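In this chain, numbering begins with 1 at the start of the sequence shown. Since the model is a prediction, treat every value here as computed from it, not as a measurement.
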Amino acid sequence: MTPGAAAPERTVVCWDGTEPADAAVAWAIRHAGDVGGTVEVFDVVDRGLFRGDPRALDRATVEEEGRLARRMDDLAHEHRDTVSSSALLVGDPEEILTGQTGPGTLVVVGTRRRVGPRLRYGWSLGARLATAADGPVAIVPMEDRDGDRERTGIVVGVDGSAVGRRALAYAAVQAEAAQHTLTIVHCWQEPLAAEPLVVPDDEFDGFIDAQQSAHAELLEDHVRTVRERHPGVHVEPVLLRENAISGLRSRSQDAFMLVVGSRRLTGWKRAWLGSVSHGLVLDLAAPTVVIGAESSSRDR
């Protein structure tokens, strides 16, 4: 596959004692166990919450040290071979975790399921981290049920772009290591899909048939690449004539992992990952791994 697509050499999970953080830890432990890796737990005391009050920061740090130590004792008892280390750091959580990202590291963060405006997902730590990361970032939604035990399979969205192929390469490596089925999804829409009042004629129908064939060939090219380089992976291709966000959400409802590529925009647009990846992060259907372009570190 493409460079930078190897399975993570390490997994870092952000924990702060909340339910979403516990969900992220549980998912990271299962994933690391599946692929034969280990997990490092990072707990970050946000210095910005105690600005101007160093004594309160010191007290909070001591309390957090005790809480992290107790949690690590529990994890060592339950997952001694998977959880390798922990660290308590003081600073800005986004900056600290961004510093941990890289091509050989998967950073995992949890997030709550939103009941209000979806836009608030866009400002979650996971979404902000994914825009700046120099490696894969997994955003794990907290679920009402023990969903991580029931979820299975990896779903990846492809569109023919370079970053889409990087996402595919990453997903194929993970599927092979964890022995998951890999579902490759390609969505497309006809040019007039947003114009319901336009009545297509026979010539337009012929154009749509040609488009359908072209998109089917693109999907088959991705499938062929995976089967050639990862013959042990069971691949299921899915071609959908619908919006990519809704198509990927529907196909990943029960998946252990959804993998998407992101252009990771620069400048003032850095709050956005790109239309499809950002839309999926706004309304998570499954633990979602965001893969950026290879040049992301140079674009910061």
Would you name the heavy atoms of [X] and [Y] that are closest together and state the gap between them?
X: V233; Y: A172; value: CG2-O, 4.0 Å
X: R165; Y: G160; value: NE-O, 4.2 Å
X: V155; Y: A255; value: CG2-CB, 3.8 Å
X: A21; Y: C14; value: CB-O, 4.0 Å
X: S252; Y: L258; value: OG-CD2, 3.9 Å
X: P231; Y: E228; value: CD-O, 4.0 Å

* Between V156 and V185, is a side-chain contact (heavy atoms from CB on, under 4.5 Å) present by the stated rule, with each step listed? -> CA-CA 6 Å; V156 59; V185 180; over 6 Å; no
Within the 4.5 Å heavy-atom criterion, are [X] and [Y] side-chain neighbours or not?
X: P136; Y: Y170; value: yes
X: R71; Y: S86; value: no
X: I184; Y: E236; value: no
X: V140; Y: T111; value: no
X: E40; Y: T11; value: no
X: V238; Y: R251; value: yes

For the pair [X] (side chain) and [Y] (backbone), establish whether a donor and an acceptor sit closer than 3.5 Å, ignoring hydrogens and angles.
X: T61; Y: L57; value: yes
X: T288; Y: A286; value: yes
X: T82; Y: H79; value: no
X: R166; Y: G292; value: yes
X: H180; Y: G153; value: yes

Does the side chain of [X] come under 3.5 Å of the side chain of [Y] through a donor N or O and an acceptor N or O?
X: H31; Y: Q174; answer: yes
X: T98; Y: E94; answer: no
X: H186; Y: H222; answer: no

From [X] [atom1] over to [Y] [atom2], what is the distance, rounded to the nearest 0.5 angstrom?
X: Q100; Y: D134; atom1: CD; atom2: CG; answer: 12.5 Å
X: H215; Y: C187; atom1: NE2; atom2: SG; answer: 10.5 Å
X: L75; Y: I29; atom1: CG; atom2: CD1; answer: 5.0 Å
X: L280; Y: L284; atom1: CG; atom2: CG; answer: 8.0 Å
X: Q211; Y: W188; atom1: CD; atom2: CH2; answer: 6.0 Å
X: R151; Y: D254; atom1: CZ; atom2: CG; answer: 6.5 Å

Apply side-chain contact (heavy atoms from CB on, under 4.5 Å) to the pair L88 and E64, showing each step before the final yes or no. CA-CA 8 Å; L88 177 65; E64 196 63 21; 3.7 Å; yes
Quick one, D58 with R55, criterion salt bridge (charged side-chain N to carboxylate O under 4.0 Å, His left out). Give me CA distance, side-chain angles, the key distance, then yes/no. CA-CA 5 Å; D58 290 341; R55 291 185 179 180; over 6 Å; no
Can you hop from [X] to [Y] via hydrophobic side chains spaced under 4.5 Å?
X: L106; Y: I291; value: yes
X: I245; Y: V163; value: no
X: V108; Y: F256; value: yes
X: L182; Y: L218; value: no

Evaluate the side-chain contact (heavy atoms from CB on, under 4.5 Å) criterion for residues T181 and I154: first the C-alpha distance (whole Å), next the side-chain angles of each, then the deciding distance (0.1 Å), finally the verdict. CA-CA 6 Å; T181 294; I154 294 177; over 6 Å; no
- Query: W27 and V13: side-chain contact (heavy atoms from CB on, under 4.5 Å), yes or no, with the steps?
  - Reply: CA-CA 9 Å; W27 185 90; V13 59; over 6 Å; no
| message | Would R67 pass as a cation-pi partner of W15, given that its NZ or CZ must be under 6.0 Å from the six-membered ring centre and within 45 degrees of the axis? | response |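 Yes, a cation-pi geometry.
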What pairs with A60 under side-chain contact (heavy atoms from CB on, under 4.5 Å), at least two apart in sequence or on another chain?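 For A60 the side-chain contact (heavy atoms from CB on, under 4.5 Å) partners, ignoring immediate neighbours, are F50.
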| Check ion pair D46-R51 (N to O, under 4.0 angstrom) |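 Looking at R51 together with D46, the answer is no, because their closest N to O distance does not fall below 4.0 Å.
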Quick one: do D73 and R70 make a salt bridge, cutoff under 4.0 Å?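 Salt bridge flag = no for R70 with D73.
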Exercise. What residue among V260, T131, V290, V137 forms side chain to side chain contact (heavy atoms under 4.5 Å, CB included) with V281?
Worked result: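 Exactly one pass, corresponding to V290.
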Notebook entry, point to check: Crowded around E65 CD? As in, over 12 foreign heavy atoms under 6.0 Å?
Noted result: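 Yes.
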